[in-house]
Amino acid sequence: MGFFQKGGEKVYFDIHSHILPGIDDGAKDITESAELINFMKKEGITEVIATPHFYPNEMSLGDFLEHRNNAYETLCSNLDGDIPRIYIGCEILYFKRMGASRELEELSLNNSKYILLELSDVHIDKYLFEDFALFAENGIVPIIAHIERYHKSRNFKKLLEEIKYRNYPVQINSSSLLQKKYRRAIKKVFKSGLFCVIATDTHSPKKRPP
């Protein structure tokens, strides 16, 4: 969670969450969504971006956007009171030649130049690095989601070098900070000098709570 001052007020901003009801493996219904949001409030989070998974090989962009927007409207219409402000985005699974896509702006974080990009070990190759260059040409800035998860990739060191060269931000899950299996990778990321954002990647009150 990043924090900054806004008009003298300290703001805690969570950029990665699965709080929309019934759209992915996050909150299963509006009740669970409300529970997560109230949990966030108790933790001091003041702003949150809802980032449901988008798997391009499983759903068309149009269907995803309709599904996501309906879930967002359902969530907002069922919440009231003093709760974190909710914005909309998504977590996009990388696909080859993604950097050339003209539709990335529709998948950005709150209509910004930033996208939240999910990788897998098999995706960390020359094609990804070529897409990094295309992102730069098109004014898109990927934030690499839960960077620590890719530490077993044979190209992990090269990935960190490419991210640093492009000056891209990376995101680390708050829960990973307490897990021994990620300790070495997180130290490596911190020592690399990359711009790091800590986020919850919350899915449910029991599975990775905020």
Side-chain angles (χ1 to χ4, degrees), residues 1-4 12-19 24-26 36 39-40 43-45 48-57 89-96 98-99 104 107-109 113-136 140-210:
M1 286 153 287
F3 74 88
F4 56 92
Y12 280 88
F13 211 123
D14 186 6
I15 70 163
H16 188 174
S17 72
H18 297 269
I19 57 175
D24 59 9
D25 59 344
L36 284 173
F39 202 145
M40 288 179 162
E43 290 293 303
I45 295 172
V48 57
I49 305 179
T51 53
H53 289 288
F54 174 49
Y55 301 122
N57 60 327
C90 73
E91 179 183 6
I92 316 167
L93 182 64
Y94 171 76
F95 57 91
K96 188 177 176 182
M98 182 177 177
L104 290 181
L107 298 167
S108 67
L109 301 180
K113 64 181 180 179
Y114 296 95
I115 59 171
L116 185 63
L117 183 61
E118 180 178 18
L119 307 177
S120 71
D121 289 348
V122 297
H123 288 143
I124 302 174
D125 56 19
K126 66 175 184 177
Y127 299 109
L128 172 65
F129 302 141
E130 289 173 1
D131 274 315
F132 278 0
L134 291 174
F135 289 143
I140 297 294
V141 180
I143 302 174
I144 311 302
H146 33 63
I147 184 73
E148 72 280 5
R149 287 189 184 175
Y150 317 128
H151 71 284
K152 290 187 177 181
S153 168
R154 60 185 178 86
N155 289 326
F156 184 62
K157 182 179 179 181
K158 175 67 173 175
L159 174 65
L160 296 184
E161 290 173 351
E162 288 288 333
I163 293 171
K164 186 171 184 178
Y165 172 73
R166 299 288 176 188
N167 199 29
Y168 290 152
V170 297
Q171 179 257 310
I172 293 173
N173 284 359
S174 53
S175 58
S176 295
L177 296 171
L178 305 176
Q179 297 182 49
K180 186 176 181 180
K181 64 180 178 179
Y182 294 129
R183 189 173 299 162
R184 182 176 297 177
I186 290 175
K187 282 185 177 180
K188 187 176 293 186
V189 172
F190 285 160
K191 288 181 178 179
S192 71
L194 295 174
F195 182 85
C196 298
V197 178
I198 309 298
T200 66
D201 189 14
T202 188
H203 277 65
S204 76
K206 293 183 179 179
K207 180 186 175 184
R208 209 176 302 135

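Because the structure is a prediction, the values reported are computed rather than measured.
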Smallest heavy-atom separation, Asp121 atom then Arg149 atom, equals OD1-O, 4.4 Å
Give, for atom CZ of Phe132 and atom CG of Leu159, the distance between the pair rounded to the nearest 0.5 Å.
-> 5.5 Å
Tell me, with the steps shown, if Tyr182 and Asn173 meet side-chain hydrogen bond (donor to acceptor under 3.5 Å, both in side chains).
-> CA-CA 10 Å; Tyr182 294 129; Asn173 284 359; over 6 Å; no
Sidechain-backbone polar pair: His18 side chain, Thr51 backbone, donor-acceptor under 3.5 Å | yes
Search all heavy atoms of Asp131 against all heavy atoms of Phe95 and return the closest pair with its distance.
-> OD2-O, 3.9 Å
Minimum side-chain heavy-atom gap Val48-Thr202 below 4.5 Å = no
Nearest heavy-atom neighbours spanning Tyr12 and Gly44 = CB-O, 3.4 Å
Determine the interplanar angle of the His53 and His203 rings, folded into 0 to 90°, and report it as parallel if under 30°, tilted if 30 to 60°, perpendicular if over 60°.
-> tilted
Might you confirm whether atom CZ of Phe129 has over 12 heavy atoms from other residues, nucleotides or ligands at distances under 6.0 Å?
-> yes
Distance (rounded to the nearest 0.5 Å) between Ser153 OG and Ile124 CD1 | 4.0 Å
Do Phe135 and Val141 touch side chain to side chain, with heavy atoms closer than 4.5 Å?
-> no
Are the side chain of Ser17 and the backbone of Ile49 linked by a donor-acceptor contact shorter than 3.5 Å?
-> yes
Using a 4.5 Å cut-off on heavy atoms from C-beta on, say whether the side chain of Ile147 contacts that of Phe156.
-> yes
Taking Leu194 as the fixed residue, which of Asn167, Ile172, Ile144, Ile163 is the one that meets the side-chain contact (heavy atoms from CB on, under 4.5 Å) rule?
-> Ile163
Smallest separation among heavy atoms of Leu116 and Cys90, with atom names | CB-O, 3.5 Å
How long is the gap from CG on Leu93 to CE on Met98, to the nearest 0.5 Å?
-> 8.5 Å
Can you tell me how far CD1 of Ile143 sits from CD of Glu91, rounded to the nearest 0.5 angstrom?
-> 11.5 Å
Hey, what do you get for CG (Leu134) to CD1 (Ile140), rounding to the nearest 0.5 Å?
-> 11.5 Å
Should we say atom CZ of Phe195 is surrounded by more than 12 heavy atoms from elsewhere, each under 6.0 Å from it?
-> no
Keeping the roles fixed (side chain from Asp125, backbone from Leu128), state whether a donor-acceptor pair exists under 3.5 Å.
-> yes
Does Glu130 come within less than 4.0 Å of Lys126, counting only side-chain N to carboxylate O?
-> no
For Ser176 and Ile186, which heavy atoms make the closest approach, and how far apart are they?
-> O-CD1, 3.7 Å
If you measure only the distance, is there a donor-acceptor pair under 3.5 Å linking the side chains of Tyr127 and His123?
-> no
Of all heavy-atom pairs linking Ser192 and Lys164, the shortest is O-NZ, 2.8 Å
Is the CZ atom of Arg166 crowded by more than 12 outside heavy atoms at less than 6.0 Å?
-> yes
With a 4.5 Å heavy-atom cut-off, do Glu118 and His146 have their side chains touching?
-> yes
Hey, could you give me the CG/CZ distance between Asp25 and Arg208, rounded to the nearest 0.5 Å?
-> 8.0 Å
